[in-house]
Protein chains: 2
Amino acid sequence: MNPVGLDVSELEPVSRRSTAEIVADRIRTAIMRGTFAPGAQLGEVDLSSRLGVSRGPLREAMQRLVAEGLLRSERHRGLFVRELGPDDVRDVYLARTAVERAAALQVLAGDRGTAVVALEIPLGAMESAAAAGDAVALADADHDFHAALVAASGSPRLRRMTEGLLVETRMCLAAFQQTAPPAAELLVEHQRLRDALRDGHTELLLDRLAAHMDDAVQRILAAMPGAA
Amino acid sequence: MNPVGLDVSELEPVSRRSTAEIVADRIRTAIMRGTFAPGAQLGEVDLSSRLGVSRGPLREAMQRLVAEGLLRSERHRGLFVRELGPDDVRDVYLARTAVERAAALQVLAGDRGTAVVALEIPLGAMESAAAAGDAVALADADHDFHAALVAASGSPRLRRMTEGLLVETRMCLAAFQQTAPPAAELLVEHQRLRDALRDGHTELLLDRLAAHMDDAVQRILAAMPGAA
DNA sequence: GATAGGCGGATTGTTGACAATCCTAGGTGC
DNA sequence: GCACCTAGGATTGTCAACAATCCGCCTATC
């Protein structure tokens, strides 16, 4: 609490975000959740009327999503949800490994105590989700875990990259969300990541992180229709 | 050459890029070159009239640049060129190190012969620029070297990340482009990177890459006004 | 003299309509 | 029956005008 008597987080967004940003977030989560199937066409008039905004801000939001790689734009054809193939899965995790490795090293070099504390929240959520068998909550917790890890690095750029990569990860997962993930195994893997981080075992942490990513790729590719 | 008798690169853009994309590229290079000073406000009507487009496509382009982190948007205030401080310099190079390290490992695991060949072009340009004392050409060659390295990894995502990071690097460099860079030293550093890559010396390459990044940070911070 | 309130100018945010382009379906000639 | 051509419908790309918001300056008041 500060002298004004308000939590700083409340007065931070003195001016709320732009319409384009809100629209982009909405569509991004919709794509992430699998509401829009991969390859589906997104009509501008349809979306704009459904979201209650004009086509101007909507097009601005679309440009962002195209830049993020979530949408594919064909001139005078329309906007389509990108379809991720096996190569994309491997590439997403290759990039994630690179970014999260760097983030982990930064955390180890800095204040890893607060980082471990921050990781406990998604770990708790993951435990609950695993016990309840809630696949969506499990994916959310997984997402939050890695986001928290990178956020703890204090690097805005690593954070922003991870943000985009995690969305793509969710797109990959949404493709085969009917198959139940090995919740217990997933939980243990994340707990071991936290343990290695807490104890400051650099090499162990990096190895476990790489292995964790490889496992995920194998799991996804195994459940993917046209995987090589 | 294919049966049609055309280079594939010529028929790739069957439909030319959207106006927003062209505008974004123009402004991006302008920011990169330092045409727009950091912190400068970019008026929409001014830019749109100067580029000969309406405000619609221009705003779409701006959204992209904001998403890339080149511009800062304040609601009902305007768009401003982001000013990069010492922390940003360190962060850009931290991210670059992470991405280029991963790219280098991919190149080493794949076809490093063609990669070395691809690196010779910017190296030649760098040599010429160093001999001629052309700072801009030197920066261009440096840019191209690292872009070629990451492109050789075959990873679209690493490539796209690098694209953005290199633009930010140029923004950092533009801040103090009056000071002449140590051209000879820079050339040798890049040649040694190529040598380690050519000979397949993994650890040596990674070490030299990290050292190369650290050197750059030190050089930039030393020439920076308010560096800590 | 310092501060609160209000006005003018300028900029951004949003909207609806117009123009260009493309895919699809139907028809025609061979 | 097949290929080509043409008209229709729908979608995106672009534009100019309207509305909302904010900053700086000025004035009036304490």
Side-chain angles (χ1 to χ4, degrees), chain A residues 3-4 11-28 30-31 35-83, chain B residues 11-28 30-31 35-83:
Chain A
V4 191
L11 59 90
E12 186 75 41
V14 63
S15 64
R16 64 186 179 284
R17 300 174 309 172
S18 70
T19 306
E21 207 166 341
I22 298 170
V23 171
D25 282 348
R26 281 279 192 87
I27 300 177
R28 192 184 294 116
I31 292 175
T35 307
F36 296 124
Q41 181 170 7
L42 303 182
E44 291 185 0
V45 288
D46 178 38
L47 274 180
S48 61
S49 66
R50 201 184 305 184
L51 290 169
V53 297
S54 186
R55 280 181 53 211
L58 185 125
R59 282 178 62 83
E60 295 173 20
M62 290 313 201
Q63 282 291 331
R64 273 202 167 176
L65 298 177
V66 169
E68 290 177 21
L70 273 66
L71 296 179
R72 174 171 48 89
S73 171
E74 290 186 25
R75 210 176 137 84
H76 293 117
R77 289 287 308 276
L79 294 156
F80 303 86
V81 180
R82 273 206 62 189
E83 341 187 34
Chain B
L11 58 91
E12 186 74 43
V14 64
S15 63
R16 63 187 180 283
R17 301 173 308 172
S18 69
T19 307
E21 208 166 342
I22 299 170
V23 171
D25 282 349
R26 282 279 193 85
I27 300 177
R28 191 185 295 116
I31 292 175
T35 308
F36 297 124
Q41 180 170 7
L42 302 182
E44 292 186 359
V45 288
D46 178 38
L47 274 181
S48 61
S49 65
R50 201 185 303 183
L51 290 168
V53 296
S54 184
R55 281 181 54 211
L58 185 124
R59 282 178 62 84
E60 295 174 19
M62 290 313 201
Q63 283 290 331
R64 274 201 165 176
L65 298 176
V66 169
E68 289 177 21
L70 273 65
L71 297 179
R72 174 172 46 90
S73 171
E74 291 185 25
R75 210 176 137 85
H76 292 116
R77 289 288 306 278
L79 294 155
F80 303 86
V81 180
R82 274 206 60 189
E83 338 187 36

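In the text below, chain A, chain B and the rest are named by the order of the sequence lines, each starting its count at 1. Computed over heavy atoms, backbone and side chain alike; hydrogens, waters and symmetry mates excluded.
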Students often get this wrong, so: under 4.0 angstrom with heavy atoms, is B:L58 touching a base, only sugar-phosphate, or nothing?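 Contact class for B:L58: none.
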
If only side-chain N and O atoms of B:R77 are considered, is one of them under 4.0 Å from the OP1 or OP2 phosphate oxygen of D:dT21?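 No, no such contact exists.
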
Could you tell me the separation between the [atom1] atom of [X] and the [atom2] atom of [N], rounded to a whole number of Å?
X	N	atom1	atom2	value
A:H76	D:dG9	NE2	C1'	16 Å
B:E74	C:dT12	CD	P	12 Å
B:E60	C:dT12	CD	C1'	16 Å
B:E44	D:dT21	CD	P	17 Å
A:L71	D:dT12	CG	P	12 Å
B:R59	C:dG13	CZ	P	4 Å
A:E21	C:dT12	CD	P	17 Å
B:Q41	C:dT12	CD	C1'	10 Å

Can you find a heavy atom in the side chain of B:E68 that is under 4.5 Å from one in the side chain of B:R28?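 Result yes, sub-4.5 Å side-chain heavy-atom pair found.
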
Side-chain touch B:R64/B:L70, heavy atoms, less than 4.5 angstrom: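 Sidechains of B:L70 and B:R64: no contact.
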
Nearest-nucleotide pick for A:V45, side chain only, options being D:dG13, D:dT12, C:dG13: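 That would be D:dT12.
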
Can you name the closest pair of heavy atoms from [X] and [Y] and give their distance?
X	Y	value
A:V81	A:A37	CB-O, 3.6 Å
B:S48	B:R55	OG-CG, 3.8 Å
B:M62	B:L71	SD-CD1, 3.5 Å

Okay, side chain of A:Q41, backbone of A:R77: is any donor-acceptor separation there less than 3.5 Å?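 Yes, because the side chain of A:Q41 sits within donor-acceptor range (under 3.5 Å) of the backbone of A:R77.
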
Reported CZ-to-OG1 distance for the pair A:R26 and A:T35, which is rounded to 0.5 angstrom: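 One gets 11.5 Å once the value is rounded to the nearest 0.5 Å.
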
Can you pull every protein N or O that's under 3.5 Å from an N or O on nucleotides 15-17 of chain C?
{"residue": "C:dT15", "atom": "OP2", "partner": "A:S54", "partner atom": "N", "Å": "2.8"}

